[in-house]
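Here is the structure we will look at, set down as structure tokens.
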Amino acid sequence: MCQRYALPDQPTVEREFLPSRTWWSFTTKYNVAGKQYVPAIRWHDGQSEAVMMRWGLIPSFAEGRPAESPLIVNADFILESPAFRTPWLETVSLISSA
């Protein structure tokens, strides 16, 4: 996961990803950081949905309770981290089977 990125305007993102349903509203940002709400595409009920989600990972030991501060991990080390390796591999597996 990168530390920061630039977010283009909403119409550009919608043209790029073509979500079936949109549940988001955002503007261009040039310094998006972890822990902020950001646009995301998810698969729900057989369709792609455009939603706003908080950027970060909730570790398995949180047992479903949202953390005050979601964890941010450097993508270069995600497979080396015991807290992030399993959730990352499970997510990759879900995406691959979709």
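Every value quoted in this text rests on a predicted model; they were computed, and no experiment measured them.
Rounding to the nearest 0.5 Å places OH of Tyr37 at 15.0 Å from OG of Ser25. Summarising the geometry, atom CE belonging to Met52 is positioned 12.0 Å from atom OG1 belonging to Thr22; distances are rounded to the nearest 0.5 Å.
For residues 12-30, the set of pairs meeting the salt bridge (Lys or Arg N to Asp or Glu O under 4.0 Å) definition, not counting sequence neighbours, comprises Arg21-Glu49.
Legend: residues meeting ring pair (Phe, Tyr, Trp, His ring centres under 6.0 Å) with Phe26, ordered by chain and number and at least two apart, are Trp24.
The minimum heavy-atom distance linking Ser48 with Pro19 is given by the pair OG-CA, 3.4 Å. When all heavy atoms are compared, the tightest approach of Leu7 to Val32 is CB-CG2, 3.9 Å.
The cluster map of Ile, Leu, Val, Met, Phe, Trp and Tyr, joined by side-chain heavy atoms under 4.5 Å apart, puts Val38 and Val51 in different clusters.
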